[in-house]
Amino acid sequence: MSEQNAFLFEVAPHHDARVPVAGQGLSRWRAALYLLLAVLLSAGVILAPLLVTVLISFSRPGAWSDVLSDGQAWQAVGNTLIWWVLVVVVCAVGLGLAWLVRNAGPALGLVMRVILVLPAVVSPLTTGAIFRLLFDTSRERGMAAALLGRDTAFLGPGWIWLVLGLAFVWQYAGVAFLVFHEALNRLPSNLLRMARAFGVGRQRRLWSVVLPALAGPAALAYLFALVAAARVFDLVLMGVPGATQALVEGGGLYWWRHNDDLGDAGAAALAVLMSLLVAGLASLALLGLRGRVSWADPAPVAPPPAGRGRRLWPLGGAVAVLWLLPFAALLFTSLREPVAAARTGWWNGEPWTLGSYAEALSDSAFTGALGTTFLRAVAVVCVVLLASVPAAYVLAHEHLLPRRAWRPVLLVSVALAALPPQAFAVPLQRWLSPVGTPLALIIVHAALVMPLAVLVLHNAFVRVPAPMLARDRWELFHVVREARPAVVLAGVLAFVLVWNDAVVGLLLNWPSGDHLPLILLEQARHFMSAASPLAAQAVIATAVPVLVVAVTARRLYRGLTRGVRR
């Protein structure tokens, strides 16, 4: 050691940024207590009835062979696979739109996020009504037929899948766009530049850098769309005329129509078959999730060239018009005089009136359903957060399970999130009928939403910076405070799903007249003559979740793409 470098060995303080160990964390018994409510809901409402359904399916010899030899049942199962193809289309459209506007700048990105995500909070019943109005067979009432200049059987066998596909893509592609847009903004730009500098070709960069970075977000978008597709029910009930429904109904709708004809064992066998199919399709999401959904840290983004940003505005405008057109059709139909709306399409203009809104708001059944559904949705949000927050906290911070055990838990959560309600409808109907319809609906809705909420919250909780935690009794409070965008996301997700759900009550034979979607479904019996009143009710019903999402928009975006307060 020379005199010049002697100070290199000067004593320097060492800053240990790790979490100070002040305790041993939760005991196993206390951690298990945190999981108790989530386990009770999952076991009591989903797993145990599913097991009973499996046993019922084997209670009558020949039940499985009857179902497997039923041509109509296989057609319904095949239609379910078509919905899975539409899930892939939804993800592809979301990725394509995100790729086109990836360098459009923050202003266009914000506009696209708002406009594209809005349909996701609309009830599938409302979506069905909108696209049935747009694609009415008559050129006097249907805009698509009017553009062609002739009557076209869009709602018949030759075209109906096109209408349903457009409706499904319109409703859910925005969520996929949101996920991919954020993922593209977080691509490892340094790694891409290094690959270019070393002469790595475009195709190899795609396989070695881009696709691995998009795997997790793609799995998340796929899972959201798959959950929607697995429970497609009311979109077909509202959007397809009764004579055509048998051609396009999926396994869930076929089960609802024919479970009495199939018998208990046959209906149970069909429900188990659908559950296995959906669970298999949902397991594909695990290829991208890889234990947990992760987002890379945001890369420094250079402002796009001004000319390129301006060139993308016409494209963004065209997409915005396409996505807002269905909303305009619904709104203008609701503002027309009912007789005129039954005879001609909304583009014919006058007479305009607020009569349909006055009629809807003077209907005590409709206004009563609004209030009851709101209170029920709020109650479900409370139950979901009460169960999913401690469960996600325990799973995320290794109080009960080591990190390596998360993968099986993730597999179970993904399967439960996508499980069709038909799998547990019959046993659940018998068990929960004594507690009454309102409480039963709250319990079932909470159990169905909770696995998805746990997935969202777990992703956020594991990203809470360790120095912000203190291993004491307030650790859960610190975790929730730092990850509150994800908590808000889980709550809003529960609210919107319950507000728009019409399936659970119908499948479980609890056609409660105080649930808003069922009021809309009842109005659809006179679809052609009641287009304006139905549209007015749909606009009012849509305004509530749109308002909730608008108020919490910033936190929702952070909760979905970051999960932790920045």
Side-chain angles (χ1 to χ4, degrees), residues 118-134 141 171 234-235 237-239 324 326-381 437-438 441-442 445 492 495-502 505-506 510-552:
L118 271 182
V121 302
V122 174
S123 162
L125 279 174
T126 300
T127 301
I130 292 173
F131 278 78
R132 190 166 171 180
L133 288 171
L134 289 175
R141 296 187 300 270
Q171 183 153 33
D234 30 9
L235 175 61
L237 275 182
M238 179 69 85
L324 291 177
F327 285 114
L330 182 71
L331 181 62
F332 287 134
T333 301
S334 70
L335 292 173
R336 297 194 75 210
E337 197 275 328
V339 175
R343 291 176 177 172
T344 58
W346 56 272
W347 62 91
N348 287 283
E350 296 180 351
W352 304 111
T353 176
L354 293 175
S356 295
Y357 286 94
E359 180 183 348
L361 295 176
S362 63
D363 185 349
S364 59
F366 178 73
T367 53
L370 269 176
T372 305
T373 306
F374 181 83
L375 294 177
R376 183 173 295 143
V378 172
V380 171
V381 169
T437 299
L441 285 176
I442 291 173
H445 278 304
V492 172
F495 183 91
V496 172
L497 290 177
V498 174
W499 182 268
N500 290 331
D501 182 81
L506 287 176
W510 296 327
S512 175
D514 61 357
H515 199 58
L516 188 59
L518 298 181
I519 298 289
L520 296 178
L521 193 58
E522 181 69 20
Q523 185 78 16
R525 291 186 176 184
H526 312 285
F527 189 90
M528 296 310 305
S529 60
S532 180
L534 175 62
Q537 291 184 354
V539 169
I540 296 173
T542 302
V544 176
V546 168
L547 182 62
V548 170
V549 170
V551 170
T552 59

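Residue numbers run from 1 in the order of the sequence given. Just so we're clear, the structure is a prediction, and the values are computed from it rather than from any experiment.
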Exercise. Yes or no on side-chain contact (heavy atoms from CB on, under 4.5 Å) for Val492 and Val548, after CA distance, side-chain angles and deciding distance?
Worked result: CA-CA 7 Å; Val492 172; Val548 170; 4.2 Å; yes
Problem set entry | Residues His515, Thr372; criterion side-chain contact (heavy atoms from CB on, under 4.5 Å); working and verdict | CA-CA 7 Å; His515 199 58; Thr372 305; over 6 Å; no
Exercise. Should the heavy atoms of other residues, nucleotides or ligands under 6.0 Å from OH of Tyr357 be counted, would the total exceed 12?
Worked result: yes
For this session: Please round to the nearest 0.5 Å and tell me the distance separating atom CZ of Phe327 and atom OG1 of Thr542.
Result: 7.0 Å
For this session: Dump the intermediate steps for side-chain contact (heavy atoms from CB on, under 4.5 Å) on Phe495 and Val549, then the final yes or no.
Result: CA-CA 10 Å; Phe495 183 91; Val549 170; over 6 Å; no
For this session: Please round to the nearest 0.5 Å and tell me the distance separating atom CG of Leu324 and atom CG of Leu331.
Result: 11.5 Å
Exercise. Could you go step by step and tell me if Leu518 and Leu506 meet the side-chain contact (heavy atoms from CB on, under 4.5 Å) rule?
Worked result: CA-CA 9 Å; Leu518 298 181; Leu506 287 176; 3.9 Å; yes
Exercise. Is the backbone of Ala541 close enough, under 3.5 Å, to the side chain of Trp499 for a donor and an acceptor to pair up by distance?
Worked result: yes
Exercise. OG1/Thr126 to CZ/Phe131 distance, rounded to the nearest 0.5 angstrom?
Worked result: 12.0 Å
For this session: Over all heavy atoms of both residues, which pair between Ala341 and Thr333 is shortest? Give the atoms and the distance, please.
Result: CB-O, 4.3 Å
Exercise. Out of curiosity, Trp347 CH2 to Arg141 CZ, how far, rounded to the nearest 0.5 Å?
Worked result: 9.5 Å
Problem set entry | Asn500 side chain vs Pro124 backbone, donor-acceptor pair below 3.5 Å | no
Exercise. Which word best sums up how the rings of Trp346 and Phe332 line up, parallel for under 30°, tilted for 30 to 60°, or perpendicular for over 60°?
Worked result: parallel
Exercise. What's the spacing between Leu521 CG and Leu534 CG if we round to 0.5 Å?
Worked result: 10.0 Å
